[in-house]
Amino acid sequence: MRVMITGAGGFLGRLLVQRLLERGTLRGQPLDTLVLLDQKLDGFAQDPRLRLLAGSITDPALQRRALADGADVVFHLVSIPGGAAEQQYGLGHQVNLLASLELLDQLRRCARPPVLVYASSVAVYGAELPARMDEQLAPRPVLSYGAHKLMVETQLSDLARRGEVDGRALRLPGIVARPREPNGLRSAFMSDLMHALAAGQAYECPVSSQASAWWMSAHCCLDNLLHAAELDNPGESRVWQLPVLHLSVGQVVDALVGAFGEDRRALVNYRPDAELERLFGRYPSLRTPQARALGFRHDGSALALVRNALNLNQRPRRLRAAPQTA
């Protein structure tokens with residue numbers, strides 16, 4: 001089993017590398033080689049299964065080197081986040097669109113069609129969503145990031161139809177809790193809120209307590225990425241909206257208070273940014289029967305989200321119940 005991960009040095013990429021090395025198998029086969037691609041690949045443990053290729057995903061020669069010996073499964077995670085892609089259109093166009101299309105073209109030339117798991121985004125839907133929606137809603141992206149993700153989904157689906165790449169695209173919601181550092185994500189407040197209250201620090205929230213979003217922990221996201229790679233009969237549709245937790249910021253704060261104590265509630269000061277809330281704080285409830293039938297899942301509850309996102313299951317701390325929603 002030869003696996004490749006693009007964006008391996010990023011938040012999800014590093015966690016996926018760790019998970020794969022720990023489990024040691026994928027699709028029922030022992031993991032022999034794990035090829036990592038990213039601009040920087042420092043801090044990885046010494047492991048004979050790892051092969052590190054540092055460089056830009058926009059370099060076709062780097063992609064050819066990574067695929068020289070073939071690949072059984074490819075996790076394509078690398079991207080320029082939405083906010084950064086909007087401010088630096090050329091960079092987002094090169095990384096999020098052109099490099100992805102180049103990768104698909106190289107994968108279709110492999111002797112055996114590989115399984116490709118592509119990290120797409122709920123950004124494909126755009127803003128002004130209906131009060132209730134399901135996974136069949138037609139995408140209407142309002143940011144370049146979402147537009148480029150949708151274009152790659154379309155090419156992936158076409159190559160899957162042709163039998164040239166066994167593609168599987170997952171539309172990811174807000175994944176928490178990312179490190180508190182500049183990352184170009186306009187939805188970074190979702191993670192920053194969690195880290196601040198967990199640390200007992202004051203936090204100025206850029207959306208209101210009523211702002212609603214779609215949430216998923218990194219732990220749950222990895223489960224879904226691996227599940228996508230191991231599906232034997234994914235069917236004709238190759239683009240799936242993952243099940244999500246539909247929670248208001250206030251409900252997440254309630255869960256954090258349940259985990260860390262009532263004193264944390266007073267640490268949050270709400271100063272809503274109207275445009276940010278329009279784009280990232282008005283998500284409706286979302287039904288995903290197709291994805292659920294295939295075995296994809298969300299965290300289960302607001303409290304489980306907090307515990308998974310902050311790795312509280314590994315800490316000797318007694319958690320209290322918190323309001324929850326599916």
Inset, instruction - Decide yes or no for I57 and L62: does some side-chain heavy atom of the first lie under 4.5 Å from some side-chain heavy atom of the second? - result: no
Inset, instruction - Run the salt-bridge test on R297 and D223 with the 4.0 Å N-O cut-off and return the result as yes or no. - result: no
Legend entry - CG on L193 to CD on E204, rounded to 0.5 Å: 12.5 Å
Legend entry - Neighbour count >12 (heavy atoms, 6.0 Å) for atom CZ, R180: yes
Legend entry - Qualifying residues under ring pair (Phe, Tyr, Trp, His ring centres under 6.0 Å), relative to Y283, sequence neighbours excluded: W214
Inset, instruction - Please confirm whether the backbone N or O of L159 pairs with a side-chain atom of E164, one donor and one acceptor, at under 3.5 Å? - result: no
Legend entry - Shortest non-hydrogen contact from S285 toward H246: N-CE1, 3.5 Å
Inset, instruction - Answer whether the closest heavy-atom distance between the side chains of D72 and R27 falls below 4.5 Å. - result: no
Inset, instruction - Go through the structure and list residues passing ring pair (Phe, Tyr, Trp, His ring centres under 6.0 Å) with Y118, not counting sequence neighbours. - result: H76
Legend entry - Candidate pair N224 and M216, rule side-chain contact (heavy atoms from CB on, under 4.5 Å), full reasoning: CA-CA 10 Å; N224 284 312; M216 179 177 289; 3.6 Å; yes
Legend entry - Nearest-0.5 Å distance that lies between atom NE2 in H148 and atom CG in L101: 9.5 Å
Inset, instruction - Might you point out which heavy atoms bring V95 and S79 nearest each other, and give the distance in Å? - result: CG1-CA, 4.1 Å
Legend entry - Donor-acceptor contact below 3.5 Å, side chain R264 vs main chain A198: yes
Inset, instruction - Determine, stepwise, if the pair V165 / Q155 fulfils side-chain contact (heavy atoms from CB on, under 4.5 Å). - result: CA-CA 10 Å; V165 177; Q155 179 70 344; over 6 Å; no
Legend entry - Verify same cluster id: V35, M1 (apolar side-chain graph, 4.5 Å): no
Legend entry - Path from L150 to L129 over hydrophobic side-chain contacts below 4.5 Å: yes
Legend entry - Atom CZ of R23: over 12 foreign heavy atoms under 6.0 Å: yes
Legend entry - ILVMFWY cluster, L97 and L37 together (side-chain gap under 4.5 Å): yes
Legend entry - Sub-4.5 Å side-chain heavy-atom contact between L67 and L103: yes
Legend entry - Side-chain H-bond candidate by donor/acceptor type, E153 with S120, under 3.5 Å: yes
Legend entry - Test item: D134 side-chain N/O and R287 main-chain N/O as donor-acceptor pair under 3.5 Å: no
Legend entry - Ion pair K40/D38, N-O distance below 4.0 Å: no
Legend entry - Any donor-acceptor N/O pair, R271 side chain to P206 backbone, under 3.5 Å: no
Inset, instruction - Assign the ring pair F296 / W240 to parallel, tilted or perpendicular, where the plane angle (0 to 90°) is split at 30° and 60°. - result: tilted
Legend entry - Spacing of CG belonging to L242 relative to CD belonging to E135, to within rounding of 0.5 Å: 10.0 Å
Legend entry - Shortest non-hydrogen separation from L77 to A119 and the atoms involved: CD2-CB, 3.9 Å
Inset, instruction - Looking only at non-hydrogen atoms, find the nearest pair between M194 and A177 and report the distance. - result: SD-CB, 4.2 Å
Legend entry - Gap between atom CZ of R49 and atom CG of L31 - 0.5 Å precision: 5.5 Å
Legend entry - side-chain contact (heavy atoms from CB on, under 4.5 Å) assessment of V253 paired with S209: CA-CA 8 Å; V253 169; S209 63; over 6 Å; no
Inset, instruction - Check whether L294 and L156 end up in the same hydrophobic cluster, where Ile, Leu, Val, Met, Phe, Trp and Tyr are linked by side-chain heavy atoms less than 4.5 Å apart. - result: no
Inset, instruction - Identify whether the distance between the nearest side-chain nitrogen and carboxylate oxygen of R178 and D192 falls below 4.0 Å. - result: no
Legend entry - Close side-chain approach of F260 to L197, heavy-atom, < 4.5 Å: no
Inset, instruction - Side-chain contact test, heavy atoms from C-beta onward, threshold under 4.5 Å: evaluate it for V207 versus F280 and give yes or no. - result: no
Inset, instruction - Check whether any side-chain heavy atom of F75 sits under 4.5 Å from a side-chain heavy atom of L12, and report yes or no. - result: no
Legend entry - Whether over 12 other heavy atoms sit under 6.0 Å from R19 CZ: yes
Inset, instruction - Identify the two heavy atoms, one from S191 and one from I175, that lie closest to each other, and give their separation to 0.1 Å. - result: OG-O, 3.7 Å
Inset, instruction - Determine, for R64 against D105, whether the closest basic-nitrogen to carboxylate-oxygen distance falls under 4.0 angstrom. - result: no
